[in-house]
There are 2 protein chains.
Amino acid sequence: MPKLGMEPIRRAALVKATIDEIGAAGTLDITVSRIAKRAGMSSALAHHYFGGKDQIFLAAMRHTLTVYGAEVRGALAMADDNVSRLQAIIRAGFTNSNFRREVIAAWLNFYVLAQSSAEAQRLLTIYQRRLHSNLVYDLRPLIGDRADAAAERIAGLIDGLYLRRGLDQSSEMGMDATEHVLALLQAELKEHA
Amino acid sequence: MPKLGMEPIRRAALVKATIDEIGAAGTLDITVSRIAKRAGMSSALAHHYFGGKDQIFLAAMRHTLTVYGAEVRGALAMADDNVSRLQAIIRAGFTNSNFRREVIAAWLNFYVLAQSSAEAQRLLTIYQRRLHSNLVYDLRPLIGDRADAAAERIAGLIDGLYLRRGLDQSSEMGMDATEHVLALLQAELKEHA
DNA sequence: CTTTTTCTTGATTGACGAGTCAATAAAGAA
DNA sequence: TTCTTTATTGACTCGTCAATCAAGAAAAAG
(Lines give C-alpha, C1' and ligand atoms only; values in the text may rest on other atoms or scores of the structure.)
Protein backbone atom coordinates (compact mmCIF):
# COMPACT_ATOMS: atom_id res chain seq x y z
CA MET A 1 0.00 0.00 0.00
CA PRO A 2 2.39 2.63 -1.20
CA LYS A 3 1.62 6.02 0.26
CA LEU A 4 3.53 8.74 -1.52
CA GLY A 5 6.33 10.71 0.06
CA MET A 6 7.71 7.72 1.89
CA GLU A 7 11.33 8.50 1.18
CA PRO A 8 12.07 10.89 4.07
CA ILE A 9 10.14 8.68 6.49
CA ARG A 10 12.00 5.58 5.45
CA ARG A 11 15.34 7.31 5.56
CA ALA A 12 14.71 8.63 9.04
CA ALA A 13 13.56 5.22 10.24
CA LEU A 14 16.66 3.60 8.80
CA VAL A 15 18.97 6.13 10.39
CA LYS A 16 17.40 5.62 13.80
CA ALA A 17 17.44 1.85 13.39
CA THR A 18 21.10 1.99 12.38
CA ILE A 19 22.07 3.90 15.50
CA ASP A 20 20.06 1.56 17.69
CA GLU A 21 21.61 -1.45 16.04
CA ILE A 22 25.11 -0.04 16.51
CA GLY A 23 24.24 0.52 20.14
CA ALA A 24 22.97 -3.01 20.56
CA ALA A 25 26.00 -4.56 18.88
CA GLY A 26 28.65 -2.08 20.00
CA THR A 27 30.13 -2.44 16.54
CA LEU A 28 29.72 -1.40 12.96
CA ASP A 29 29.68 -5.09 12.21
CA ILE A 30 25.94 -5.23 11.73
CA THR A 31 23.90 -6.29 8.75
CA VAL A 32 21.68 -4.29 6.47
CA SER A 33 18.99 -6.92 6.97
CA ARG A 34 18.86 -6.37 10.70
CA ILE A 35 18.78 -2.61 10.32
CA ALA A 36 15.96 -2.91 7.82
CA LYS A 37 14.02 -5.33 9.99
CA ARG A 38 14.38 -3.01 12.97
CA ALA A 39 13.07 -0.20 10.80
CA GLY A 40 10.19 -2.35 9.64
CA MET A 41 11.06 -2.93 6.03
CA SER A 42 12.94 -5.24 3.72
CA SER A 43 16.66 -5.00 3.17
CA ALA A 44 16.05 -4.37 -0.49
CA LEU A 45 14.25 -1.17 0.41
CA ALA A 46 17.17 0.00 2.49
CA HIS A 47 19.42 -0.47 -0.47
CA HIS A 48 16.88 1.27 -2.66
CA TYR A 49 16.90 4.43 -0.55
CA PHE A 50 20.53 4.55 0.48
CA GLY A 51 22.39 2.70 -2.20
CA GLY A 52 24.65 0.79 0.13
CA LYS A 53 25.76 0.05 3.64
CA ASP A 54 28.43 2.75 3.70
CA GLN A 55 25.95 5.45 2.91
CA ILE A 56 23.63 4.26 5.64
CA PHE A 57 26.48 4.58 8.13
CA LEU A 58 27.38 8.03 6.93
CA ALA A 59 23.78 9.16 7.19
CA ALA A 60 23.66 7.88 10.76
CA MET A 61 26.87 9.74 11.51
CA ARG A 62 25.57 12.97 10.00
CA HIS A 63 22.46 12.62 12.08
CA THR A 64 24.40 12.11 15.30
CA LEU A 65 26.56 15.15 14.65
CA THR A 66 23.54 17.21 13.67
CA VAL A 67 21.74 16.37 16.89
CA TYR A 68 24.81 17.27 18.91
CA GLY A 69 25.19 20.53 17.03
CA ALA A 70 21.57 21.40 17.67
CA GLU A 71 21.99 20.76 21.38
CA VAL A 72 24.96 23.09 21.54
CA ARG A 73 23.15 25.78 19.62
CA GLY A 74 20.14 25.46 21.89
CA ALA A 75 22.27 25.78 24.99
CA LEU A 76 24.13 28.78 23.57
CA ALA A 77 20.92 30.60 22.79
CA MET A 78 20.09 30.83 26.48
CA ALA A 79 23.41 32.30 27.54
CA ASP A 80 24.47 35.91 27.12
CA ASP A 81 27.89 36.60 28.58
CA ASN A 82 31.07 34.82 27.49
CA VAL A 83 31.51 32.76 30.61
CA SER A 84 28.02 31.32 30.65
CA ARG A 85 28.28 30.56 26.95
CA LEU A 86 31.46 28.61 27.61
CA GLN A 87 29.76 26.77 30.43
CA ALA A 88 26.85 25.97 28.16
CA ILE A 89 29.13 24.48 25.52
CA ILE A 90 30.81 22.31 28.13
CA ARG A 91 27.54 21.14 29.66
CA ALA A 92 26.11 20.28 26.27
CA GLY A 93 28.72 17.60 25.80
CA PHE A 94 27.69 15.71 28.91
CA THR A 95 23.91 15.70 28.81
CA ASN A 96 22.06 12.50 29.57
CA SER A 97 21.12 12.11 25.94
CA ASN A 98 24.80 11.94 25.03
CA PHE A 99 25.32 9.14 27.52
CA ARG A 100 22.75 6.76 26.10
CA ARG A 101 24.34 3.52 25.07
CA GLU A 102 23.60 3.92 21.38
CA VAL A 103 24.98 7.44 21.26
CA ILE A 104 28.23 6.44 22.91
CA ALA A 105 28.56 3.42 20.65
CA ALA A 106 27.88 5.60 17.63
CA TRP A 107 30.58 8.11 18.52
CA LEU A 108 33.19 5.46 19.24
CA ASN A 109 32.47 3.67 16.02
CA PHE A 110 32.53 6.86 14.02
CA TYR A 111 36.01 7.55 15.32
CA VAL A 112 37.01 4.15 14.00
CA LEU A 113 35.19 4.66 10.74
CA ALA A 114 37.04 7.93 10.24
CA GLN A 115 40.22 5.92 9.82
CA SER A 116 39.03 4.22 6.67
CA SER A 117 36.40 6.57 5.27
CA ALA A 118 37.37 9.97 3.93
CA GLU A 119 33.83 11.25 4.33
CA ALA A 120 33.63 10.11 7.95
CA GLN A 121 36.98 11.75 8.58
CA ARG A 122 35.63 14.94 7.07
CA LEU A 123 32.53 14.96 9.23
CA LEU A 124 34.51 14.39 12.39
CA THR A 125 36.93 17.16 11.50
CA ILE A 126 34.00 19.51 11.08
CA TYR A 127 32.81 18.62 14.58
CA GLN A 128 36.25 19.22 16.04
CA ARG A 129 36.74 22.52 14.28
CA ARG A 130 33.33 23.77 15.30
CA LEU A 131 33.89 22.92 18.93
CA HIS A 132 37.27 24.59 18.83
CA SER A 133 36.03 27.74 17.18
CA ASN A 134 33.01 27.96 19.48
CA LEU A 135 35.35 27.89 22.44
CA VAL A 136 37.81 30.38 20.98
CA TYR A 137 35.00 32.77 20.14
CA ASP A 138 34.12 33.23 23.80
CA LEU A 139 37.60 32.75 25.23
CA ARG A 140 39.29 35.41 23.14
CA PRO A 141 37.55 38.37 24.81
CA LEU A 142 38.47 36.91 28.18
CA ILE A 143 42.06 35.77 27.80
CA GLY A 144 43.20 37.02 24.40
CA ASP A 145 46.14 35.15 22.94
CA ARG A 146 45.79 32.31 25.37
CA ALA A 147 42.39 31.46 23.87
CA ASP A 148 43.63 29.05 21.24
CA ALA A 149 45.70 26.87 23.51
CA ALA A 150 43.06 26.92 26.21
CA ALA A 151 40.41 25.86 23.72
CA GLU A 152 42.62 22.99 22.67
CA ARG A 153 42.86 21.79 26.25
CA ILE A 154 39.18 22.20 27.02
CA ALA A 155 38.11 20.40 23.85
CA GLY A 156 40.61 17.65 24.57
CA LEU A 157 39.32 17.22 28.08
CA ILE A 158 35.72 17.08 26.87
CA ASP A 159 36.53 14.33 24.40
CA GLY A 160 38.78 12.47 26.80
CA LEU A 161 36.36 12.43 29.70
CA TYR A 162 33.53 11.48 27.39
CA LEU A 163 35.60 8.56 26.20
CA ARG A 164 36.45 7.46 29.73
CA ARG A 165 32.94 7.91 31.10
CA GLY A 166 31.39 6.29 28.07
CA LEU A 167 33.35 3.11 28.55
CA ASP A 168 32.12 2.25 31.99
CA GLN A 169 28.68 3.78 31.58
CA SER A 170 28.40 3.36 35.33
CA SER A 171 25.62 5.50 36.72
CA GLU A 172 25.60 9.26 36.25
CA MET A 173 29.23 10.12 35.84
CA GLY A 174 28.38 12.80 33.32
CA MET A 175 27.92 15.05 36.33
CA ASP A 176 31.48 14.86 37.54
CA ALA A 177 32.85 15.07 34.02
CA THR A 178 31.10 18.39 33.61
CA GLU A 179 32.55 19.60 36.90
CA HIS A 180 36.05 18.66 35.83
CA VAL A 181 35.86 20.60 32.59
CA LEU A 182 34.29 23.59 34.32
CA ALA A 183 37.17 23.47 36.81
CA LEU A 184 39.63 23.53 33.93
CA LEU A 185 37.79 26.49 32.45
CA GLN A 186 38.10 28.40 35.72
CA ALA A 187 41.79 27.57 35.90
CA GLU A 188 42.33 28.83 32.37
CA LEU A 189 40.53 32.07 33.20
CA LYS A 190 42.33 32.61 36.48
CA GLU A 191 45.68 31.91 34.83
CA HIS A 192 45.17 35.10 32.88
CA ALA A 193 45.10 37.29 35.96
CA MET B 1 60.13 -29.13 8.80
CA PRO B 2 58.70 -28.72 12.24
CA LYS B 3 61.23 -27.32 14.62
CA LEU B 4 60.06 -27.70 18.19
CA GLY B 5 59.11 -24.73 20.37
CA MET B 6 57.41 -22.89 17.55
CA GLU B 7 54.42 -21.87 19.61
CA PRO B 8 55.75 -18.66 21.17
CA ILE B 9 57.29 -17.59 17.88
CA ARG B 10 54.08 -18.16 15.97
CA ARG B 11 52.00 -16.43 18.58
CA ALA B 12 54.24 -13.38 18.56
CA ALA B 13 54.20 -13.26 14.77
CA LEU B 14 50.43 -13.46 14.74
CA VAL B 15 50.07 -10.71 17.31
CA LYS B 16 52.30 -8.39 15.34
CA ALA B 17 50.56 -9.26 12.08
CA THR B 18 47.19 -8.61 13.70
CA ILE B 19 48.19 -5.13 14.82
CA ASP B 20 49.65 -4.35 11.42
CA GLU B 21 46.53 -5.59 9.70
CA ILE B 22 44.30 -3.51 11.98
CA GLY B 23 46.48 -0.53 11.15
CA ALA B 24 46.22 -1.18 7.43
CA ALA B 25 42.45 -1.64 7.52
CA GLY B 26 41.63 0.80 10.29
CA THR B 27 39.06 -1.71 11.47
CA LEU B 28 38.67 -4.96 13.32
CA ASP B 29 36.91 -6.14 10.21
CA ILE B 30 39.85 -8.16 9.00
CA THR B 31 40.16 -11.85 8.23
CA VAL B 32 42.11 -14.53 9.98
CA SER B 33 43.44 -15.59 6.60
CA ARG B 34 45.01 -12.22 5.95
CA ILE B 35 46.52 -12.07 9.41
CA ALA B 36 47.95 -15.52 8.94
CA LYS B 37 49.30 -14.73 5.49
CA ARG B 38 50.96 -11.59 6.83
CA ALA B 39 52.52 -13.70 9.56
CA GLY B 40 53.69 -16.24 7.01
CA MET B 41 51.52 -19.22 7.86
CA SER B 42 48.21 -20.83 7.05
CA SER B 43 44.98 -19.71 8.65
CA ALA B 44 44.52 -23.17 10.09
CA LEU B 45 47.67 -22.68 12.12
CA ALA B 46 46.39 -19.41 13.50
CA HIS B 47 43.28 -21.19 14.66
CA HIS B 48 45.41 -23.98 16.06
CA TYR B 49 47.41 -21.65 18.28
CA PHE B 50 44.74 -19.17 19.27
CA GLY B 51 41.48 -21.02 18.99
CA GLY B 52 39.60 -18.21 17.34
CA LYS B 53 39.55 -14.70 16.03
CA ASP B 54 38.44 -13.17 19.33
CA GLN B 55 41.38 -14.58 21.18
CA ILE B 56 43.76 -13.27 18.54
CA PHE B 57 42.32 -9.79 19.04
CA LEU B 58 42.60 -10.01 22.80
CA ALA B 59 46.19 -11.14 22.55
CA ALA B 60 46.94 -8.17 20.32
CA MET B 61 45.27 -5.89 22.82
CA ARG B 62 47.19 -7.34 25.73
CA HIS B 63 50.40 -6.82 23.79
CA THR B 64 49.60 -3.21 23.02
CA LEU B 65 48.82 -2.46 26.65
CA THR B 66 51.92 -4.30 27.80
CA VAL B 67 54.16 -2.28 25.52
CA TYR B 68 52.61 0.95 26.74
CA GLY B 69 53.01 -0.13 30.34
CA ALA B 70 56.65 -0.93 29.76
CA GLU B 71 57.25 2.48 28.22
CA VAL B 72 55.76 4.19 31.23
CA ARG B 73 57.76 2.10 33.64
CA GLY B 74 60.92 2.82 31.70
CA ALA B 75 60.30 6.55 31.77
CA LEU B 76 59.50 6.48 35.47
CA ALA B 77 62.73 4.69 36.30
CA MET B 78 64.73 7.70 35.14
CA ALA B 79 62.87 10.24 37.24
CA ASP B 80 63.35 10.84 40.94
CA ASP B 81 61.21 13.66 42.26
CA ASN B 82 57.42 13.77 42.04
CA VAL B 83 57.21 16.46 39.40
CA SER B 84 59.58 14.84 36.96
CA ARG B 85 57.83 11.52 37.46
CA LEU B 86 54.54 13.15 36.54
CA GLN B 87 56.13 14.72 33.50
CA ALA B 88 57.53 11.35 32.51
CA ILE B 89 54.09 9.72 32.68
CA ILE B 90 52.64 12.46 30.52
CA ARG B 91 55.42 12.30 27.97
CA ALA B 92 55.16 8.53 27.71
CA GLY B 93 51.66 8.82 26.29
CA PHE B 94 52.78 10.89 23.34
CA THR B 95 55.95 9.24 22.12
CA ASN B 96 56.45 8.68 18.43
CA SER B 97 55.87 4.98 18.84
CA ASN B 98 52.38 5.68 20.16
CA PHE B 99 51.60 7.73 17.08
CA ARG B 100 52.32 5.06 14.52
CA ARG B 101 49.27 4.36 12.43
CA GLU B 102 48.86 0.77 13.63
CA VAL B 103 49.10 1.75 17.27
CA ILE B 104 46.48 4.45 16.96
CA ALA B 105 44.19 2.13 15.01
CA ALA B 106 44.69 -0.56 17.63
CA TRP B 107 43.73 1.73 20.51
CA LEU B 108 40.66 3.09 18.79
CA ASN B 109 39.46 -0.35 17.87
CA PHE B 110 40.10 -1.67 21.35
CA TYR B 111 37.87 1.04 22.72
CA VAL B 112 35.15 -0.19 20.40
CA LEU B 113 35.83 -3.82 21.22
CA ALA B 114 35.47 -3.04 24.91
CA GLN B 115 31.80 -2.37 24.28
CA SER B 116 31.07 -5.93 23.28
CA SER B 117 33.82 -7.96 24.95
CA ALA B 118 33.97 -8.26 28.70
CA GLU B 119 37.63 -9.21 28.57
CA ALA B 120 38.52 -6.21 26.41
CA GLN B 121 36.58 -4.00 28.79
CA ARG B 122 38.55 -5.48 31.68
CA LEU B 123 41.90 -4.84 30.04
CA LEU B 124 41.03 -1.26 29.24
CA THR B 125 39.85 -0.65 32.78
CA ILE B 126 43.17 -1.91 34.06
CA TYR B 127 44.95 0.60 31.84
CA GLN B 128 42.77 3.43 33.06
CA ARG B 129 43.15 2.50 36.72
CA ARG B 130 46.89 2.19 36.43
CA LEU B 131 47.26 5.58 34.79
CA HIS B 132 45.06 7.13 37.42
CA SER B 133 46.88 5.57 40.33
CA ASN B 134 50.28 6.41 38.86
CA LEU B 135 49.25 10.03 38.70
CA VAL B 136 47.73 10.10 42.16
CA TYR B 137 50.82 8.51 43.65
CA ASP B 138 52.95 11.49 42.69
CA LEU B 139 50.27 14.15 42.97
CA ARG B 140 49.27 13.36 46.54
CA PRO B 141 52.52 14.56 48.13
CA LEU B 142 52.25 17.75 46.13
CA ILE B 143 48.63 18.75 46.39
CA GLY B 144 47.02 16.38 48.88
CA ASP B 145 43.28 16.01 48.58
CA ARG B 146 43.20 17.64 45.21
CA ALA B 147 45.22 14.76 43.78
CA ASP B 148 42.32 12.58 42.80
CA ALA B 149 40.38 15.18 40.85
CA ALA B 150 43.55 16.50 39.24
CA ALA B 151 44.53 13.01 38.15
CA GLU B 152 41.11 12.58 36.60
CA ARG B 153 41.59 15.72 34.56
CA ILE B 154 45.13 14.94 33.51
CA ALA B 155 44.24 11.40 32.46
CA GLY B 156 41.20 12.69 30.61
CA LEU B 157 43.28 15.24 28.75
CA ILE B 158 45.86 12.64 27.81
CA ASP B 159 43.21 10.36 26.34
CA GLY B 160 41.33 13.19 24.70
CA LEU B 161 44.32 14.78 23.02
CA TYR B 162 45.56 11.38 21.91
CA LEU B 163 42.19 10.78 20.32
CA ARG B 164 42.18 14.15 18.59
CA ARG B 165 45.78 13.96 17.44
CA GLY B 166 45.42 10.38 16.37
CA LEU B 167 42.61 11.19 13.99
CA ASP B 168 44.45 13.63 11.79
CA GLN B 169 47.85 12.05 12.15
CA SER B 170 49.15 15.22 10.58
CA SER B 171 52.84 15.60 11.20
CA GLU B 172 54.28 15.70 14.70
CA MET B 173 51.43 16.97 16.79
CA GLY B 174 52.44 14.76 19.68
CA MET B 175 54.75 17.59 20.66
CA ASP B 176 52.03 20.13 21.29
CA ALA B 177 49.80 17.56 22.96
CA THR B 178 52.55 16.93 25.48
CA GLU B 179 52.91 20.66 26.09
CA HIS B 180 49.19 21.02 26.70
CA VAL B 181 49.09 18.32 29.33
CA LEU B 182 52.24 19.65 30.98
CA ALA B 183 50.56 23.05 31.11
CA LEU B 184 47.57 21.51 32.80
CA LEU B 185 49.87 19.85 35.28
CA GLN B 186 51.48 23.18 36.14
CA ALA B 187 48.07 24.77 36.56
CA GLU B 188 46.97 22.01 38.91
CA LEU B 189 50.11 22.46 40.98
CA LYS B 190 49.90 26.22 41.07
CA GLU B 191 46.24 26.05 42.04
CA HIS B 192 47.36 24.54 45.30
CA ALA B 193 49.32 27.56 46.35
C1' DC C 1 -10.12 3.40 -17.17
C1' DT C 2 -5.56 3.10 -18.76
C1' DT C 3 -0.86 4.60 -18.12
C1' DT C 4 2.76 6.12 -15.45
C1' DT C 5 5.11 6.81 -11.29
C1' DT C 6 6.27 5.47 -6.63
C1' DC C 7 6.88 2.02 -3.38
C1' DT C 8 7.82 -2.57 -1.96
C1' DT C 9 9.55 -7.29 -1.41
C1' DG C 10 10.80 -12.37 -2.16
C1' DA C 11 14.01 -14.75 -4.30
C1' DT C 12 18.43 -15.15 -5.98
C1' DT C 13 23.26 -14.51 -6.87
C1' DG C 14 27.87 -14.39 -5.98
C1' DA C 15 31.33 -13.90 -2.89
C1' DC C 16 33.66 -14.45 1.21
C1' DG C 17 35.05 -16.11 5.70
C1' DA C 18 35.40 -18.76 10.33
C1' DG C 19 36.32 -22.91 11.89
C1' DT C 20 37.16 -28.14 11.20
C1' DC C 21 39.59 -32.18 9.79
C1' DA C 22 42.20 -35.58 7.88
C1' DA C 23 46.59 -36.17 6.34
C1' DT C 24 51.68 -35.20 6.10
C1' DA C 25 56.12 -34.48 8.05
C1' DA C 26 59.72 -33.98 11.25
C1' DA C 27 61.82 -34.58 15.72
C1' DG C 28 62.52 -36.87 19.82
C1' DA C 29 61.51 -40.95 23.03
C1' DA C 30 61.51 -45.83 23.96
C1' DT D 1 63.15 -49.06 14.59
C1' DT D 2 58.65 -48.00 16.16
C1' DC D 3 55.75 -44.84 18.69
C1' DT D 4 54.43 -40.43 20.18
C1' DT D 5 54.37 -35.63 20.21
C1' DT D 6 54.53 -31.18 17.82
C1' DA D 7 53.96 -28.58 13.68
C1' DT D 8 51.66 -27.66 9.53
C1' DT D 9 48.47 -27.19 5.65
C1' DG D 10 44.97 -27.88 1.73
C1' DA D 11 40.54 -28.83 1.16
C1' DC D 12 36.11 -28.59 2.72
C1' DT D 13 31.78 -27.29 5.27
C1' DC D 14 28.45 -24.36 6.59
C1' DG D 15 26.81 -20.17 7.17
C1' DT D 16 26.25 -15.31 6.20
C1' DC D 17 25.62 -11.19 3.83
C1' DA D 18 25.65 -7.22 0.35
C1' DA D 19 23.66 -6.22 -3.65
C1' DT D 20 20.46 -7.09 -7.69
C1' DC D 21 16.23 -7.88 -10.08
C1' DA D 22 11.96 -8.93 -11.72
C1' DA D 23 7.55 -8.50 -10.47
C1' DG D 24 3.48 -6.84 -7.80
C1' DA D 25 0.50 -3.31 -5.75
C1' DA D 26 -1.27 1.14 -4.95
C1' DA D 27 -1.75 6.01 -5.84
C1' DA D 28 -1.84 9.77 -9.18
C1' DA D 29 -2.15 11.56 -13.79
C1' DG D 30 -4.33 11.87 -18.20
Side-chain angles (χ1 to χ4, degrees), chain A residues 1-61 109-110 112-113 116-120, chain B residues 1-61 105 109 112-113 116-120:
Chain A
M1 54 285 267
K3 312 279 171 56
L4 290 210
M6 279 287 97
E7 177 152 358
I9 297 171
R10 294 300 199 186
R11 292 181 88 99
L14 283 168
V15 163
K16 180 176 190 325
T18 301
I19 294 172
D20 289 348
E21 193 70 19
I22 292 173
T27 314
L28 291 185
D29 197 3
I30 56 184
T31 73
V32 175
S33 298
R34 286 185 85 89
I35 295 171
K37 168 170 281 186
R38 195 184 275 265
M41 73 195 78
S42 75
S43 72
L45 198 53
H47 277 98
H48 175 65
Y49 281 126
F50 276 99
K53 206 187 188 180
D54 302 352
Q55 278 145 61
I56 298 179
F57 283 159
L58 290 176
M61 186 165 172
N109 278 289
F110 293 155
V112 166
L113 186 61
S116 57
S117 156
E119 177 65 5
Chain B
M1 54 288 267
K3 311 280 171 55
L4 290 208
M6 280 286 99
E7 177 153 359
I9 297 170
R10 294 303 199 184
R11 291 181 89 100
L14 283 168
V15 164
K16 179 173 190 327
T18 301
I19 294 171
D20 289 348
E21 192 70 19
I22 292 173
T27 314
L28 292 186
D29 197 4
I30 56 182
T31 72
V32 175
S33 298
R34 286 185 85 88
I35 295 171
K37 169 170 283 186
R38 194 185 276 266
M41 73 194 79
S42 75
S43 73
L45 198 54
H47 278 99
H48 175 66
Y49 281 125
F50 276 99
K53 205 185 187 181
D54 303 351
Q55 278 145 59
I56 298 180
F57 283 159
L58 289 176
M61 187 165 171
N109 278 288
V112 165
L113 186 61
S116 58
S117 157
E119 177 65 5

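Remember, it's a predicted structure, so these values are computed and weren't measured experimentally. A, B, ... follow the sequence lines: proteins, then strands. Residue 1 opens every chain.
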Between [X] ([atom1]) and [N] ([atom2]), how many Å, whole number?
{"X": "B/D29", "N": "D/dC17", "atom1": "CG", "atom2": "C1'", "value": "12 Å"}
{"X": "B/R11", "N": "D/dA7", "atom1": "CZ", "atom2": "P", "value": "11 Å"}
{"X": "A/M6", "N": "D/dA26", "atom1": "CE", "atom2": "C1'", "value": "12 Å"}
{"X": "B/F50", "N": "C/dG19", "atom1": "CZ", "atom2": "P", "value": "13 Å"}
{"X": "A/D54", "N": "D/dC17", "atom1": "CG", "atom2": "C1'", "value": "14 Å"}
{"X": "B/L4", "N": "D/dT5", "atom1": "CG", "atom2": "P", "value": "13 Å"}
{"X": "A/I35", "N": "D/dT16", "atom1": "CD1", "atom2": "P", "value": "17 Å"}
{"X": "B/E21", "N": "C/dG17", "atom1": "CD", "atom2": "P", "value": "11 Å"}

For C/dT8, take OP1 and OP2 only and decide whether either is under 4.0 Å from a side-chain N or O of A/R10.
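It does, given that an N or O in the side chain of A/R10 lies less than 4.0 Å from OP1 or OP2 of C/dT8.
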
Heavy-atom side-chain contact between A/I22 and A/T27 under 4.5 Å:
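Of all side-chain heavy-atom pairs linking A/T27 with A/I22, none is under 4.5 Å.
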
Under a 4.5 Å cut-off applied to non-hydrogen side-chain atoms, are A/S117 and A/L58 in contact?
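A side-chain contact exists here, since the closest heavy-atom pair is under 4.5 Å.
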
Inspect the surroundings of NZ in B/K37 and state if more than 12 heavy atoms from other residues, nucleotides or ligands are less than 6.0 Å away.
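For B/K37, atom NZ is not crowded (no more than 12 foreign heavy atoms under 6.0 Å).
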
Is atom CZ of A/R34 surrounded by more than 12 heavy atoms (other residues, nucleotides or ligands) closer than 6.0 Å?
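Result for CZ/A/R34: open.
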
How would you label the contact of A/I30 with the nucleic acid (heavy atoms, under 4.0 Å): base, sugar-phosphate, or nothing?
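Sugar-phosphate, backbone atoms only, no base.
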
Nearest atoms (heavy-atom pairs only) where B/L14 meets B/A46:
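Closest pair (atom of B/L14, atom of B/A46, distance): CD1-CA, 3.8 Å.
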
Would you jot down, in residue-number order, the residues of residues 37-49 of chain B having a non-hydrogen atom under 4.0 Å from DNA chain C?
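Residues of residues 37-49 of chain B that come under 4.0 Å of DNA chain C are, in numerical order, B/A44, B/H47.
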
Under the salt bridge (charged side-chain N to carboxylate O under 4.0 Å, His left out) rule, collect the residues that match up with B/K16, sequence neighbours excluded.
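Partners of B/K16 under the salt bridge (charged side-chain N to carboxylate O under 4.0 Å, His left out) test: B/D20.
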
Atom OH in B/Y49, atom CD1 in B/I56: separation rounded to 0.5 Å?
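With rounding to 0.5 Å, OH (B/Y49) is 13.0 Å from CD1 (B/I56).
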
Side chain of B/K53 - closest among C/dG19, D/dT8, C/dT8:
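Closest nucleotide to the B/K53 side chain: C/dG19.
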
